[in-house]
Amino acid sequence: QELKPDATIFRPGTLYGVSPRMRYDLVTNIFIAQAMKGEKITVNGGDQARPIIHLRDAVKGYLLALEKDLPGAYNLSYTSYTIYQIAEIVATRFDCEIVINPKTEVRSTWMSNAKLRNHGFNPRIGILDTIKEFKNIDSWQQYGSDCYSNLKTLKKLIQEGKV
């Protein structure tokens, strides 16, 4: 099917923040959960870049596109950090240790949200704001549970023959 020239396409960054179905397989969320439990933050590699965006800011981006009927492709992010920079932001809030696992994932992405900002998009919810949100939920205490990971949940469903 041919793409309509008036379609809106988003390239979203990695989400973070509190949601009805929490995800602890997302880098920012897992680092916050590890720190809140008093654990060391485990970083695999660290030089890989990740564009990140809070869930509520992402929703604001989608709503903006609908309200303004924006055609074209847009990066949807708050900013881009390296994995290590994300760990540093969280660690400074909790004064906890960062452990580097040299195992490195090659996936690395920097993105600019300037094009969407030109249309009035202004993401505001940073990592430190998200730490405050986490204090209002309890699920971070069991962040390693399979139910908080899409990959683990999918593997379980496949094993059970449900997918």
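Values below: every heavy atom of this structure, side chains too, minus hydrogens, waters and symmetry copies.
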Item to complete: Starting at CD1 of Ile32, measure out to OH of Tyr143 and round the result to the nearest 0.5 Å.
Response: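 Rounded to the nearest 0.5 Å, the CD1-OH separation comes out at 13.0 Å.
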Remaining members of Trp110's ILVMFWY cluster at a side-chain heavy-atom cut-off under 4.5 Å?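 Traced through the cluster, Trp110 reaches no other member.
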Is a side-chain donor or acceptor of [X] paired with a backbone partner of [Y] at a separation under 3.5 angstrom?
| X | Y | result |
| --- | --- | --- |
| Arg56 | Val18 | no |
| Lys152 | Asp25 | no |
| Lys68 | His119 | yes |
| Ser145 | Tyr148 | no |
| Gln48 | Gly46 | yes |

Check your understanding: For Arg107, what residues pass the salt bridge (charged side-chain N to carboxylate O under 4.0 Å, His left out) criterion, not counting sequence neighbours?
Key ->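 Counting only residues at least two positions away or on another chain, Arg107 forms a salt bridge (charged side-chain N to carboxylate O under 4.0 Å, His left out) with Glu105.
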Salt bridge (charged side-chain N to carboxylate O under 4.0 Å, His left out) partners for Lys40, two or more places apart
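With sequence neighbours excluded, Lys40 shows a salt bridge (charged side-chain N to carboxylate O under 4.0 Å, His left out) to Glu97, given in chain and number order.
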Worksheet entry | Step-by-step side chain to side chain donor-acceptor pair (under 3.5 Å) determination, Asn113 to Asn75 | CA-CA 5 Å; Asn113 63 11; Asn75 291 329; over 6 Å; no
Quiz item: Looking at residues at least two apart in the chain, or sitting in another chain, which of them share a ring-ring contact (aromatic ring centres under 6.0 Å, His included) with Tyr84?
Solution: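 Scan of Tyr84 (ring-ring contact (aromatic ring centres under 6.0 Å, His included), adjacent residues dropped) gives none.
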By side chain to side chain contact (heavy atoms under 4.5 Å, CB included), which residues pair with Leu157, not counting sequence neighbours?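 If we apply the side chain to side chain contact (heavy atoms under 4.5 Å, CB included) test to Leu157, skipping adjacent residues, the hits are Thr153, Glu160, Lys162, Val163.
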Test of understanding: clusters of I, L, V, M, F, W, Y form through side-chain heavy atoms closer than 4.5 Å, transitively. Do [X] and [Y] belong to the same one?
| X | Y | result |
| --- | --- | --- |
| Leu128 | Phe134 | yes |
| Ile137 | Met36 | yes |
| Ile30 | Trp140 | yes |

Show the atom names and distances, to 0.1 Å, of all donor-acceptor pairs under 3.5 Å that link a side chain in residues 7-17 to residues at least two apart or in another chain.
unit_1 : atom_1 : unit_2 : atom_2 : d
Thr8   : OG1    : Leu70  : O      : 2.0
Tyr16  : OH     : Ile125 : O      : 2.5

I need the single residue from Thr28, Leu26, Thr130 that forms a side-chain contact (heavy atoms from CB on, under 4.5 Å) with Ile52. Which is it?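 That would be Thr28.
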